[in-house]
Amino acid sequence: MDIKRLEGESQLEHIKRLVDGKLVSKTINVPYEELSELIFGEGNCYNESEVRKRMYGMKHLLEIMDKEPNYVATRILGLSDFHIPFNLPIDTFKDYVGKTDILVLNGDLVDQQQISKFPKMYRVSIMEELILGRQYIIDLINYIHPREVVVIDGNHEKRFGAYLAKNLDSDLLELMPDSSMDLIVETGFNHYDKRNKTKTWYEPLKNVFDNVEIIYANDWKYKIGQTWFIHPSAYSGGMLKTTEKAVNYFFRIDRDFEAIVMAHVHKLGSYIQGNIYMYEQGCCCDIDKLDYANGKLQYPQQKGFIYVCQTVEGKLIYDKTKLVELK
């Protein structure tokens with residue numbers, strides 16, 4: 001039997017196949033030591049006795065997972081709409097430290113205030129936001145301790161590309177990303193201080209962490225299991241109206257989903273319709289300082305986030321998934 005991970009096989013499916021093949025069906029004949037890194041991760045090279053003991057412990061855990069349909073295999077902390085520099089402090093999320101497998105940053109991490117169409121009494125520069133946003137994400141990851149981070153583009157990150165397209169020649173545009181988050185996560189960036197004639201390099205987040213996988217969606221949507229995390233540019237004023245529109249959209253491109261988590265709208269609510277779970281996850285910014293709607297008689301913004309629990313198959317565990325309202 002091939003002990004390498006097969007194409008299309010998840011990491012969990014791979015581990016289950018190796019444990020079953022070695023301990024149950026006996027179809028895997030290679031020494032225990034050869035399975036060590038495949039099961040327990042790169043660099044974990046245990047001896048035969050240690051691998052065997054750990055595999056029997058894992059076999060017991062996998063049996064429990066199979067017997068309990070609501071066993072939580074993946075815990076996802078979904079945060080969005082920080083609008084840095086108007087972000088809430090990271091200790092807002094203290095209850096989820098060490099309890100998060102995947103941290104989803106669902107768009108609008110930075111505000112891009114300098115190129116906003118909204119009137120402001122002052123402006124924060126694009127460069128300052130990039131530096132603040134990058135450091136905030138680093139601090140958040142170090143605080144929460146997830147094993148994986150997914151970064152999704154919001155409409156405010158896309159302001160960056162739209163601004164460049166409006167103000168730069170097309171030849172120069174080929175040198176620039178469409179989103180400010182690309183600079184923070186993927187490519188890194190230099191800060192040229194013209195006044196002091198200095199240059200500071202900011203390493204991309206993908207190079208900062210050795211033990212955390214950083215995934216940049218480079219899109220307004222990303223699917224984990226059977227849940228879509230999205231940050232579209234569309235907006236409807238009514239509660240869950242934007243999410244209902246998203247459900248109709250995804251029905252036309254992907255029938256295999258059961259939940260949508262909507263950022264962007266700064267509303268907090270949930271609804272189940274046609275076996276589809278719909279969530280609007282609120283925002284993680286100081287809404288008094290981010291006062292775009294002052295005097296416009298719009299519905300008040302709501303602060304909050306979502307904690308999603310999934311089974312091994314990526315199905316939503318509804319009674320363990322929760323929207324968290326922030327006062």
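For the single chain, residues carry numbers from 1 onward in sequence order. Computed from a predicted model, the values in this text were never measured in an experiment.
- Side-chain contact of Asn248 with Glu244: a donor-acceptor pair under 3.5 Å is absent, judged by distance alone.
- Asn106 contributes a side-chain N or O that, together with a main-chain N or O of Ile230, makes up a donor-acceptor pair within less than 3.5 Å.
- Two residues are said to be in side-chain contact when any heavy atoms from C-beta on lie closer than 4.5 Å; Ile317 and Tyr71 fail this criterion.
- At least one donor-acceptor pair closer than 3.5 Å links the side chain of Glu13 to the backbone N or O of Ser10.
- Remark: side-chain polar atoms of Ser236 are not paired, donor with acceptor, to backbone N or O of Gly238 under 3.5 angstrom.
- Within 6.0 Å of CD on Gln11 lie no more than 12 heavy atoms contributed by other residues, nucleotides or ligands.
- Ring-plane geometry between Phe251 and Phe257 is classed as tilted, the angle between the planes lying from 30 to 60 degrees on a 0 to 90 degree scale.
- From Lys26, atom NZ reaches atom CD1 of Ile28 across 11.0 Å, with rounding to the nearest 0.5 Å.
- Residue Asp101 places its CG atom among more than 12 non-hydrogen atoms of other residues, nucleotides or ligands, all under 6.0 Å distant.
- With ring centers used as reference points, Tyr202 lies under 6.0 Å from Phe189.
- By the criterion of side-chain heavy atoms lying less than 4.5 angstrom apart, applied directly or through intervening Ile, Leu, Val, Met, Phe, Trp or Tyr residues, Val261 is not grouped with Val149; the two fall into different hydrophobic clusters.
- Residues Leu316 and Tyr279 share a closest heavy-atom pair of CD2-OH, 3.7 Å.
- Interatomic distance, Ile137 CD1 to Asn87 CG, rounded to the nearest 0.5 Å: 10.5 Å.
- Nearest heavy-atom pair across Leu240 and Glu280 is CA-OE2, 2.9 Å.
- Between the side chain of Glu129 and the main chain of Asp111, a donor-acceptor pair closer than 3.5 Å is present.
- Side-chain contact between Lys223 and Asp254 is present, with at least one heavy-atom pair separated by less than 4.5 Å.
- Side-chain contact, His231 with Asn155: a donor N or O sits under 3.5 Å from an acceptor N or O.
- Ile39 contributes atom CD1, which lies 9.5 Å from atom OH of Tyr32 (distance to the nearest 0.5 angstrom).
- Judged by distance alone, with hydrogens and angles left aside, the side-chain atoms of Glu157 form a donor-acceptor pair with the main-chain N or O of Leu109 at under 3.5 Å.
- Between the CD1 atom of Ile260 and the CD atom of Gln281 there is a distance of 12.5 Å, given to the nearest 0.5 Å.
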**OP:** Decide yes or no on side-chain contact (heavy atoms from CB on, under 4.5 Å) for Ser180 and Ile126, but give the supporting numbers first.
**Re:** CA-CA 9 Å; Ser180 55; Ile126 293 174; 5.8 Å; no
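- Once rounded to the nearest 0.5 Å, the distance linking SG of Cys284 with NE2 of His266 reads 9.5 Å.
- For the pair Arg52 and Glu48, the salt-bridge criterion is not met [side-chain N within less than 4.0 Å of a carboxylate O].
- A salt bridge links Lys53 with Glu50: the closest approach of a Lys/Arg side-chain nitrogen to an acidic carboxylate oxygen falls below 4.0 angstrom.
- With hydrogens and angles disregarded, no donor-acceptor distance shorter than 3.5 Å links the side chain of Ser36 to the backbone of Val51.
- Contact check for Arg17 versus Leu6: side-chain heavy atoms found under the 4.5 Å cut-off.
- Taking each heavy atom of Gly188 and Pro204 in turn, the nearest pair found is N-CB, 3.5 Å.
- Using a 4.5 Å cut-off on side-chain heavy atoms (C-beta onward), Val151 and Tyr222 make no contact.
- Note: Trp220 and Tyr249 have tilted aromatic rings, judged against thresholds of 30 and 60 degrees for the angle between ring planes.
- When side chains are defined from C-beta on, Thr74 counts as touching Arg147, because their heavy atoms get closer than 4.5 Å.
- Lys59 has a carboxylate O that lies under 4.0 Å from a charged side-chain N of Glu63, or vice versa, which qualifies the two as a salt bridge.
- Val19 and Met55 make their closest contact through CA-CE, 3.8 Å (heavy atoms, listed as atom of the first residue, atom of the second, distance).
- Around OH of Tyr318, the count of heavy atoms belonging to other residues, nucleotides or ligands within 6.0 Å does not exceed 12.
- Other residues, nucleotides and ligands contribute more than 12 heavy atoms inside 6.0 Å of the CG atom of Asp319.
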With a 3.5 Å cut-off and sequence neighbours excluded, list the donor-acceptor pairs that the side chains of residues 90-98 form with protein atoms.
from  : atom 1 : to    : atom 2 : distance (Å)
Thr92 : OG1    : Pro89 : O      : 2.7

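- Within the 4.5 Å cutoff, the side chain of Lys303 has no heavy atoms near those of the Cys285 side chain.
- For the pairing with Leu79, the side-chain contact (heavy atoms from CB on, under 4.5 Å) check across Ile144, Ile306, Leu140 returns one residue only, Leu140.
- No side-chain donor from either of Glu33 and Asn47 sits under 3.5 Å from a side-chain acceptor of the other.
- Interatomic distance, Thr200 OG1 to His191 NE2, rounded to the nearest 0.5 Å: 7.0 Å.
- Placement of Phe82 and Leu323 in two distinct hydrophobic clusters is found when ILVMFWY residues are connected by side-chain heavy-atom separations under 4.5 Å, directly or transitively.
- By the salt bridge (charged side-chain N to carboxylate O under 4.0 Å, His left out) test, Glu203 is found to be paired with no residue, residues two or more places apart in sequence or in another chain being considered.
- In this structure, the side chains of Tyr192 and Lys194 come closer than 4.5 Å at one or more pairs of heavy atoms.
- There is a path of hydrophobic side-chain contacts, each under 4.5 Å, that joins Val110 to Tyr216.
- Annotation for Lys99: atom NZ does not count as buried by contact number, only 12 or fewer foreign heavy atoms lying within 6.0 Å.
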Original post:
Checking side-chain contact (heavy atoms from CB on, under 4.5 Å) for the pair Ile141/Val208: CA distance, chi angles, key distance, verdict?
Top reply: CA-CA 11 Å; Ile141 293 171; Val208 172; over 6 Å; no
Subject >> Residue pair Met181, Leu105: steps toward the side-chain contact (heavy atoms from CB on, under 4.5 Å) verdict >> reply: CA-CA 11 Å; Met181 207 48 58; Leu105 302 177; over 6 Å; no
Original post:
Can you list the steps and then say if Lys221 with Asp219 is a salt bridge (charged side-chain N to carboxylate O under 4.0 Å, His left out)?
Top reply: CA-CA 5 Å; Lys221 59 187 185 300; Asp219 201 355; 2.9 Å; yes
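- Under a 3.5 Å cut-off, the side chain of Glu186 and the backbone N or O of Pro177 do not form any donor-acceptor pair.
- Residues Ile102 and Pro146 form no side-chain contact, since every pair of their non-hydrogen atoms from C-beta on lies 4.5 Å or further apart.
- Two different hydrophobic clusters hold Val265 and Leu268 under the rule that ILVMFWY side chains link at heavy-atom gaps under 4.5 Å.
- Using a distance-only test at 3.5 Å, with no hydrogens or angles considered, a donor-acceptor pair links the side chain of Thr321 to the main chain of Cys309.
- With His156 contributing its side chain and Asp108 its backbone, the two residues share no donor-acceptor pair below 3.5 Å.
- Summarising the geometry of Ala234 relative to Lys245, their closest heavy-atom pair is CB-NZ, 4.4 Å, with the distance given to 0.1 Å.
- The backbone N or O of Gly43 lies less than 3.5 Å from a partner atom in the side chain of Glu37, making a donor-acceptor pair.
- Hydrophobic cluster membership differs between Ile272 and Met278, with clusters built from Ile, Leu, Val, Met, Phe, Trp and Tyr side chains linked at under 4.5 angstrom.
- Annotation for Lys22 and Asn29: closest pair NZ-C, 4.1 Å, computed over non-hydrogen atoms.
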